[in-house]
Amino acid sequence: GADSQTLEEGGFNEEWFAGILESIVRDLNQYGVCVIDDFLGAERADHILNEVKALESHGALEAGQVVSRQVQDQARGMIRGDQIAWVTGGEPHCSCIGQLVTVVDSLVAKANKHQDAGMLANYNITWRTRAMVACYPGRDTHYVKHVDNPNGDGRCITAIYYLNRDWSEDDGGVLRIYPEGKDQVASIEPLFDRMLFFWSDRRNPHEVLPAKITSRYAITVWYLDQKERNEYLARLAHHQMTTTQPTHA
Ligand SMILES: O=C(O)c1ccc(-n2[nH]cc(-n3ccnn3)c2=O)nc1
Ligand SMILES: [Mn+2]
């Protein structure tokens with residue numbers, strides 16, 4: 001089909017795609033978490049890492065924190081907060097990041113409509129956020145134990161792509177997921193070219209364990225369920241209507 005044609009052009013072959021698709025559908029339904037190793041291959045992963053490092057060296061990654069937190073952290077001599085940049089993938093120097101997002105978009109869209117989609121079929125995934133390129137771990141609040149989407153903001157799947165070459169145990173920065181209602185914990189090492197998917201809601205509280213002060217890179221995209229997102233935006237609009245009085249000219 002058309003997708004397989006573009007994927008061929010992008011150098012991704014069909015059986016690779018089909019294999020990954022099966023893993024995503026099976027693992028998200030069974031565990032609520034799916035880890036794919038050697039996702040794009042070292043060469044492509046390297047190109048993506050180089051684009052992320054270029055963003056960092058050109059100062060495109062600004063602190064993801066509010067100024068007060070930064071001042072406070074500097075005062076306490078703590079390591080800087082996480083540095084983030086929101087990337088569409090269409091930017092001139094982000095074409096490889098763009099390819100990553102395009103492939104993940106295709107996988108999530110196909111998984112959503114897969115014949116064995118299971119719980120995935122409850123969603124209609126028509127939108128996503130831009131890609132959050134992060135140089136972490138900061139002391140940012142996102143790293144203490146949290147749920148990405150606790151109150152129905154529309155986000156249904158979190159997709160994180162790790163870019164840490166030669167990561168080792170004492171580098172830290174492990175992502176720890178505590179699947180709701182299960183007694184086992186998933187400790188996910190942020191390995192180079194590792195792709196991770198998990199439900200964004202209360203099923204997956206998670207934290208990022210402290211890491212040494214070396215730059216660690218990850219790219220995160222959140223996929224949105226149309227219905228939940230529209231209901232969220234409607235709540236937001238209503239709230240704004242009722243809290244800000246219209247000014248009469
Ligand atoms: O804004 C938000 O809702 C938001 C932002 C970030 C965020 N997380 N969660 C786990 C992250 N991570 C980073 C490396 N390994 N894992 C990470 O960045 N979660 C939620
Ligand atoms: Mn999170």
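Side-chain atoms are counted along with the backbone in the values below, which use heavy atoms only and exclude waters and symmetry mates. Whatever order the structure lists ligands and atoms in, that order sets their numbers, starting from 1.
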Amino acids in close contact with ligand 1, where any non-hydrogen atom sits under 4.0 angstrom away: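 Around ligand 1, where the cutoff is 4.0 Å for heavy atoms, the contacting residues are M132, Y136, H142, Y143, H146, D148, R155, I160, Y162, L175, H206, V208, W222.
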Looking at R155 and D153, does any basic side-chain N land under 4.0 Å from a carboxylate oxygen? yes
Could you name each residue pair satisfying salt bridge (charged side-chain N to carboxylate O under 4.0 Å, His left out) that touches residues 117-129, not counting sequence neighbours? D105-R128
Examine the side chains of [X] and [Y] and answer whether a donor and an acceptor come within less than 3.5 Å of each other.
X	Y	value
H146	D148	yes
Q240	T243	no
T158	W222	yes
H47	Q99	no

Test of understanding: clusters of I, L, V, M, F, W, Y form through side-chain heavy atoms closer than 4.5 Å, transitively. Do V25 and W16 belong to the same one? yes
I'd like to know if V101 and L224 are part of one continuous hydrophobic network [Ile/Leu/Val/Met/Phe/Trp/Tyr, side-chain heavy atoms within less than 4.5 Å]. no
Distance-only criterion, 3.5 Å: show the donor-acceptor pairs between side-chain atoms of residues 184-195 and protein atoms not counting sequence neighbours.
residue, atom, partner, partner atom, Å
S187, OG, R176, NE, 3.0
S187, OG, R176, NH2, 3.4
D193, OD1, F39, N, 3.4
D193, OD1, L40, N, 2.9
D193, OD1, Y161, OH, 2.6
D193, OD2, F39, N, 3.2
D193, OD2, L40, N, 3.3
D193, OD2, G41, N, 2.8
R194, NE, D37, OD1, 2.7
R194, NH1, E189, O, 2.8
R194, NH2, D37, OD1, 3.4
R194, NH2, D37, OD2, 2.9

Sort by chain and number the protein N/O/S atoms that are closer than 2.8 Å to the Mn ion (ligand 2), and list them. H146 NE2, D148 OD1, H206 NE2
